[in-house]
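Data first, discussion second: the structure below is written as structure tokens.
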Amino acid sequence: MPHSSKTNLLPFVEARRVVEQCAAKLTATGPELTSLLDALGLALAEDLRADRDFPPFPRSTRDGYAVRAADVQAVPVDLHCVGAIKAGGDTAELKVRAGEAIEIMTGAAVPPGADAVVMVEYTETRGGRVTIQRAVKAGENVVHAGAEANSGQVMVSKGTRVQHAVVAVAAAVGRPEVAIHRRPHVAVLATGDELVDINLPPGPNEIRNSNSYSLAAQVYEAGGETTVLPAARDEAAELALLLRKGLEADLLLLTGGVSMGKYDIVEKVLASLGAEFFFTGVAIQPGKPVVFGQVDMEGKTTPFFGLPGNPVSTMVTFQLFVRPVLDALGGAKPEPLPFVQAELKETFTTRMGLTRFLPGKLGGSHQRPEVEWVRWQGSGDLMSIVKSNCYIVVPADRDRLEAGEGVTVLLA
Ligand code: AMP
Ligand code: MG
């Protein structure tokens, strides 16, 4: 029974492995062509290849003089200046012969005959002559044609999520449209008698359903799209009906109703639909009651997560466990969690046994990244999460983290 196994908590690392293994078996959504900027955040369904050499010509990396390195060994040396070339300029008529130099700008093609560029700072011009004060080696300040990529070479491989640098590559190889995997479709179902939709006034002891919206936002940021189902009351028949609807999606995300309370019926109702549970609790805080499994229904297998209802728990467990599934469904290569190290500003004490992911604020400087605790009233505290930009990780075998020690931080 899923409920009795709630005490059977998986260690965090194992739970993450279970998710990654299940994710590896999922099939990605189909490809479609989309305009470049609409591809942001989605996974490429094709390799982006160089349509010519990069750079396409030997490119000067400096403003200065294109020279033959052999002429510029014993310095100072006087060369005859026979022309000038700017970025985009034509070199067809130009040639650097022995004893000659051509004035050149950053990004311009190094003209035939020249094999190095001397920075303008080390030169002095007088009439048609230039004095070079510093020796150069062949190839200095020149990136030769094809040094970054040869024509036909893969510059960005399929499965890479499109961000600004990928956009730059696509633009550079002349691709106003790229093939991406469609956004996987995620159903979001909040549960709880206390929930009121955000466009209705809540009663004195009711709360607005913020989780459906934060989850929809997290799903969108992770390259998915959502159908937000109406919140289910803590009542089996109604929940079963909405669950069936939600299981039509590529992934179903539930929030609330997975703890040990009398009205936490999500697992029971999932079980009644024949759900297979991969885990029903993880040794973490916040988010301990998180549930992961799948349901086979009418020949379709749909993975689901039951995320705890406290808003911070919902957000943390999404990041820890849901992302690998969304990556896989969206055709993106698996990504490790973004952990970094920072110096802890203030000592923290707790109990051992759970791996904790507690709201933190990463700051300091590039020489010395620091992280501080954000005070919180527990995992229901939305204020703590908007003030934080990361989670400080407290390993399960530590009951004390000292001010000044290097701690692991999960970027939010
Ligand atoms: P549960 O996991 O169902 O025990 O819910 C834990 C607590 O999280 C509830 O008491 C609510 O205060 C809060 N909560 C549950 N669902 C939501 C939701 N959809 N939006 C905002 N808060 C919620
Ligand atoms: Mg509830």
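Ligands are counted one by one from 1 in listed order, and the atoms in each one are counted from 1 as well. Remember, it's a predicted structure, so these values are computed and weren't measured experimentally.
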Taking the six-membered ring for Trp, are Phe292 and Phe279 parallel (under 30°), tilted (30 to 60°) or perpendicular (over 60°)?
tilted
Establish, from distance only, whether the side-chain atoms of [X] and [Y] form a donor-acceptor pair under 3.5 Å.
X: Thr302; Y: Lys300; answer: yes
X: Thr106; Y: Asp63; answer: yes
X: Thr29; Y: Arg183; answer: no

Any residue meeting side chain to side chain donor-acceptor pair (under 3.5 Å) with Arg161, in chain and number order, not counting sequence neighbours
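Only Asp327 meet the side chain to side chain donor-acceptor pair (under 3.5 Å) criterion with Arg161.
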Between Lys333 and Ser157, does the side-chain hydrogen bond (donor to acceptor under 3.5 Å, both in side chains) criterion hold? Intermediate values first, please.
CA-CA 10 Å; Lys333 292 177 210 164; Ser157 57; 2.6 Å; yes
[atom]: the protein heavy-atom neighbour that sits closest, reported with distance to 0.1 Å:
atom: atom 17 (C) of ligand 1; value: Asn211 ND2, 3.1 Å
atom: atom 6 (C) of ligand 1; value: Asn310 N, 3.8 Å
atom: atom 9 (C) of ligand 1; value: Glu194 OE2, 3.3 Å

Side chain, backbone, both or neither: which part of [X] has a heavy atom under 4.0 Å from ligand 1?
X: Ile207; result: side chain
X: Ala190; result: side chain
X: Leu195; result: side chain
X: Arg208; result: backbone

Taking the non-hydrogen atoms of [X], is any one of them nearer than 4.0 angstrom to ligand 1?
X: Ser259; answer: yes
X: Gly261; answer: no
X: Gly192; answer: no

When only distance counts, is [X] in polar contact with ligand 1, meaning an N/O pair under 3.5 Å?
X: Gly256; result: no
X: Gly309; result: yes
X: Ser212; result: no

Where Ala50 and Ala149 come nearest, the two heavy atoms and their spacing
CB-CB, 4.3 Å
Go through it in stages, so that I can follow the logic: the residues are Val322 and Thr317, the test is side chain to side chain contact (heavy atoms under 4.5 Å, CB included), and I'd like the CA-CA distance, side-chain angles, deciding distance and then a yes or no.
CA-CA 7 Å; Val322 181; Thr317 48; over 6 Å; no
What do the steps show when you test Gln341 against Val407 for side chain to side chain contact (heavy atoms under 4.5 Å, CB included), and what is the final call?
CA-CA 6 Å; Gln341 285 267 313; Val407 295; over 6 Å; no
